[in-house]
Amino acid sequence: QVQLVESGGGLVQAGGSLRLSCAASGRTFSSYAMGWFRQAPGKDREFVATITYNGGSTTYLDSVKGRFTLSRDNAQNTAYLQMNSLKPEATALYSCARGVGRYGTRWSSSYDGWGPGTPVTVSS
């Protein structure tokens, strides 16, 4: 079973940036898609971004396109979510997840391993 650990969350002012990291255990990191989801207080979990197993393609939530960038370093078993021009509505617990296959989707059911999450707070 994969173990995922997120880091990099924190408090930032609106317009600021954060870089989240997701470190994975195991030797098969490069065989699976990775995704990021977020859950704000009192709201359902929401898809943020996904990246294919080889980093060749990414998909984003419409509201973060052009501001968030998802990348991965398969040699380091780590995925990164660069978040720029942050808005207060981005405040949430951000969790990374491992896909069940090489290509991720927007649906949480296509991920079978989840990290505990890292909190992001954007102040206005």
Side-chain angles (χ1 to χ4, degrees):
Q1 184 72 17
V2 67
Q3 289 188 328
L4 303 173
V5 178
E6 303 91 341
S7 61
L11 174 63
V12 64
Q13 289 188 332
S17 298
L18 284 173
R19 187 194 196 202
L20 306 185
S21 298
C22 173
S25 64
R27 300 180 179 181
T28 59
F29 177 79
S30 61
S31 298
Y32 298 94
M34 295 296 295
W36 282 91
F37 289 74
R38 65 188 181 189
Q39 187 166 21
K43 295 189 176 181
D44 292 335
R45 184 163 56 192
E46 177 181 50
F47 166 80
V48 176
T50 188
I51 189 167
T52 56
Y53 70 106
N54 60 357
S57 180
T58 51
T59 304
Y60 298 94
L61 176 69
D62 284 348
S63 62
V64 308
K65 283 181 182 177
R67 298 186 297 114
F68 288 17
T69 302
L70 177 55
S71 61
R72 66 189 297 161
D73 183 340
N74 285 343
Q76 297 296 322
N77 279 14
T78 304
Y80 303 98
L81 184 66
Q82 177 68 43
M83 306 188 297
N84 298 330
S85 302
L86 282 162
K87 302 177 181 180
E89 51 262 42
T91 295
L93 181 70
Y94 283 71
S95 300
C96 66
R98 190 188 75 169
V100 298
R102 293 187 171 187
Y103 303 94
T105 74
R106 300 173 179 266
W107 311 110
S108 59
S109 58
S110 66
Y111 300 86
D112 65 356
W114 294 81
T118 184
V120 171
T121 302
V122 184
S123 62
S124 57

*Q3 CD: over 12 foreign heavy atoms closer than 6.0 Å*: no
*Tell me, with the steps shown, if S108 and W114 meet side-chain contact (heavy atoms from CB on, under 4.5 Å).*
CA-CA 10 Å; S108 59; W114 294 81; 3.7 Å; yes
*salt bridge (charged side-chain N to carboxylate O under 4.0 Å, His left out) with D62: which residues, sequence neighbours excluded?*
K65
*Just how far is it from atom SG of C96 to atom CG of L20, taken to the nearest 0.5 Å?*
9.5 Å
*Can any side-chain N or O of Q82 pair as donor or acceptor with the backbone N or O of R19 at less than 3.5 Å?*
no
_Looking only at the side chains, is there a donor atom on one of S17 and N84 sitting less than 3.5 Å from an acceptor on the other?_
yes
*For the side chain of T91 and the backbone of V122, is there at least one donor-acceptor N/O pair under 3.5 Å apart?*
yes
*Looking at the rings of W36 and F68, which for Trp means the six-membered one, are their centres under 6.0 Å apart?*
no
*For residues A14 and S124, report the shortest heavy-atom separation together with the two atoms involved.*
CB-CA, 4.3 Å
*Using the ring of F29 (Phe, Tyr or Trp, six-membered ring only), decide whether R72 places NZ or CZ under 6.0 Å from its centre and within 45 degrees of its axis.*
yes
*Would you say the side-chain atoms of Y60 pair up with the backbone N or O of L70, donor to acceptor, closer than 3.5 Å?*
yes
*Centroid-to-centroid, Y32 to Y53, below 6.0 Å?*
no
*Does the side-chain contact (heavy atoms from CB on, under 4.5 Å) test come out yes or no for C22 and M34, once each step is laid out?*
CA-CA 9 Å; C22 173; M34 295 296 295; 3.8 Å; yes
_Steps toward side-chain contact (heavy atoms from CB on, under 4.5 Å) verdict (E6, S95)_ = CA-CA 7 Å; E6 303 91 341; S95 300; 3.7 Å; yes
*Any sub-3.5 Å donor-acceptor pair from T52's side-chain atoms to S57's backbone N or O?*
yes
_Working to the nearest 0.5 angstrom, can you tell me the gap between T50 OG1 and R106 CZ?_
9.5 Å
*Reported OH-to-CG distance for the pair Y94 and L81, which is rounded to 0.5 angstrom*: 7.5 Å
*Partner of L86 under side chain to side chain contact (heavy atoms under 4.5 Å, CB included), chosen from L18, T121, V64*: L18
*Please report the closest heavy-atom contact between Q39 and K43, naming both atoms and the distance.*
NE2-O, 3.0 Å
*Establish whether V120 and L4 are linked, either directly or via other cluster members, by ILVMFWY side-chain heavy-atom contacts under 4.5 Å.*
yes
*Do any N or O atoms from the side chain of N74 and from the backbone of S31 form a donor-acceptor pair under 3.5 angstrom?*
no
_Closest heavy-atom pair and its distance - L93, P116_ = CD2-O, 3.7 Å
*Mark yes or no for whether Y111, through its side chain, and T105, through its backbone, hold a donor-acceptor pair below 3.5 Å.*
yes
*From S110 OG over to F47 CZ, what is the distance, rounded to the nearest 0.5 angstrom?*
9.0 Å
*Identify, with sequence neighbours excluded, every residue that meets salt bridge (charged side-chain N to carboxylate O under 4.0 Å, His left out) alongside D112.*
R98
*asked:* For a side-chain contact (heavy atoms from CB on, under 4.5 Å) check, start with the C-alpha distance between L61 and R38, then their side-chain angles and the critical distance, and finish with the verdict.
replied: CA-CA 11 Å; L61 176 69; R38 65 188 181 189; 3.6 Å; yes
*Which other residues end up in the same hydrophobic cluster as W107, if Ile, Leu, Val, Met, Phe, Trp and Tyr are linked when side-chain heavy atoms come under 4.5 Å apart?*
none
*What's the shortest heavy-atom distance between V2 and S25, and which atoms?*
CG2-O, 3.7 Å
*Closest heavy-atom contact between A33 and G104?*
CB-N, 3.2 Å
